[in-house]
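One structure is given here, and the rest of the page talks about it.
Counting starts at 1 for both ligands and their atoms, following the listed order.
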Amino acid sequence: MSVAPPHQKAKGLAPGKPRPAKALCSECGLCDTYYIHYVKQACAFLNEQIAELEEQAHGQSRDLNNEDDLYFGVHQQMFAARKKEPIEGAQWTGIVSSIACEMLNQGKVEGVVCVQNSDEDRFQPVPIIARTPEEVLAAKVNKPTLSPNLSILEEVEQCGFKRLLVIGVGCQIQALREVQDKIGLEKLYVLGTPCVDNVTRQGLQKFLETTSKSPDTVVSYEFMQDFRVHFKHEDGSIEKVPFFGLNTKELKDVFAPSCMSCFDYVNSLADLVVGYMGAPLNYQWIVVRNDTGQEMLNVVEDQLETQPVSSKGDRKNAVQQSIPAYDKGVTLPMWAARLMGVIIERIGPQGLEYARFSIDSHFTRNYLYVKRNYPEKLEDHVPEFAKRIVEQYELPED
Ligand code: FAD
Ligand code: SF4
């Protein structure tokens, strides 16, 4: 059994107790464990240190003068892919679950940190350490709610795992990178997804009730590259709602404060990132950040159909116009929103330009949020790459 190097421990906080990051806590789970001792350095909302951790994880931080690096972080390659045989019920085609299953099958790892759901509620996250492909598959599909993935870190150390794969979103991975040397692992693989606009379970209910015609039958949803939210229902039907028809006034306080102040949309510190927003519709977007990421990708290479990434259109006007519209909570009537959706899908940004559109829209919104609500944090909390991205736009005066 491997033994973790001696490290400091403090008593994890009980559920419901205020967290050190207060309202900005994303419930990543670190503070549920004795690793809370490291919270001041580790917490993504108390200590922004993406550049330093990029250096640690990838051997270099992003080149701010290279546009692809600026937007998408350190990477060796990016491409679009989908599974030749998609996993039924996965969020997309199931590339994430497939990699995790193969890593277990090939004996590269002993366990996979992932998120299942509770028996009563398909959206209530339950982090686990999966030891079999069946347990990994039971964690497929997004739980679009804050999930305390790192709450199982003590268990990882106590089980004496040597080789572990962790699946997670940016804030979870930032905290993990800070404490990864204390868990007793010989090898850690980090498989990330991009993440944005996450919500508490209550917030999710409000979002579903405000936006879907049948909130109780939604099994998953995604903000798609065709500028519509696609809700998948229990009977397999897809309901499409144009972004421009969302009730922004009602939804303004739905997203968690942590997500309104996050600038790590692309999961900068994962070894391999699997999302969708830089790929054409129906493809996933793969970003290999380092050799460990490539090693994970290799285990599923023969299961994938791939194509190069591409980029079309110009996002800048659309982003600039959306800033005051979002700020004022403008909602178009549904007919106009649908029409706008059709037009922008034809002439709007596509591929990597769509990903930049989404990053720009969220970073400008989040910059304003931090500036207005946490002005004392603005300078230190917003990473340099995000400042450069936001500087391209005119923001409303307060
Ligand atoms: P699957 O094989 O279905 O596996 C999904 C995996 O996600 C599971 O292993 C599960 O453990 C993990 N997971 C589920 N919920 C959570 C959670 N709350 N926290 C941590 N891990 C979780 N991609 C983009 O390109 N742009 C986006 O804007 C974007 N937003 C996202 C928002 C959220 C909240 C999440 C969780 C993901 C987001 N993604 C985004 C990633 C994308 O939706 C898919 O998750 C990704 O492409 C993988 O799809 P898949 O079919 O391979 O995953
Ligand atoms: Fe703790 Fe994570 Fe919340 Fe930060 S985000 S206060 S590390 S639980």
Verify whether one side chain among [X] and [Y] offers a donor that lies under 3.5 Å from an acceptor in the other.
X      : Y      : answer
Gln294 : Gln77  : yes
Asn47  : Gln174 : no
Glu295 : Tyr189 : yes

(request) Return yes when Phe223 approaches ligand 1 closer than 4.0 angstrom through a heavy atom, no otherwise. (result)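 So Phe223 does not count as touching ligand 1.
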(message) With a 4.0 Å cut-off on heavy atoms, is Gln116 in contact with ligand 1?
(response)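 Contact check Gln116 vs ligand 1: negative.
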(request) Please list, in chain and residue-number order, the protein N/O/S atoms closer than 2.8 Å to atom 1 (Fe) of ligand 2. (result) Cys31 SG
With heavy-atom distances below 4.0 Å as the criterion, list the atoms of ligand 1 near [X].
X      : result
Lys140 : 3 (O)
Gly275 : 23 (N), 25 (O), 47 (O)
Glu222 : 42 (C), 43 (O)
Val274 : 46 (C), 47 (O), 48 (C)
Val169 : 19 (N), 20 (C)
Val196 : 28 (O), 30 (N), 32 (C)

Find the distance between [atom1] ([X]) and [atom2] ([Y]) and round it off to the nearest 0.5 Å.
X      : Y      : atom1 : atom2 : result
Leu269 : Glu178 : CG    : CD    : 11.0 Å
Leu304 : Ile286 : CG    : CD1   : 6.5 Å
Met296 : Asn298 : CE    : CG    : 10.5 Å

Looking at [X] versus [Y], is the centre-to-centre ring distance below 6.0 Å?
X      : Y      : value
Tyr354 : Trp285 : no
Tyr265 : His362 : yes
Tyr367 : Phe263 : no

Answer side chain, backbone, both or neither: which part of [X] comes under 4.0 Å from ligand 1, heavy atoms only.
X      : value
Asn198 : side chain
Val96  : both
Thr93  : backbone
Cys114 : both
Thr145 : backbone

(request) Considering heavy atoms of the protein only, find what lies nearest to atom 5 (S) of ligand 2 and give residue, atom and distance to 0.1 Å. (result) Ser26 N, 3.4 Å
(request) Apply the salt bridge (charged side-chain N to carboxylate O under 4.0 Å, His left out) test between Asp271 and each candidate in Arg177, Lys187, Arg289; give the one that qualifies. (result)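 Output: one option passes, namely Arg177.
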(message) Quick check on side-chain contact (heavy atoms from CB on, under 4.5 Å): which of Val287, Val288, Asn290, Thr292 does Leu272 satisfy it with?
(response)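 So, applying the side-chain contact (heavy atoms from CB on, under 4.5 Å) to Leu272 and each of Val287, Val288, Asn290, Thr292, only Val288 qualifies.
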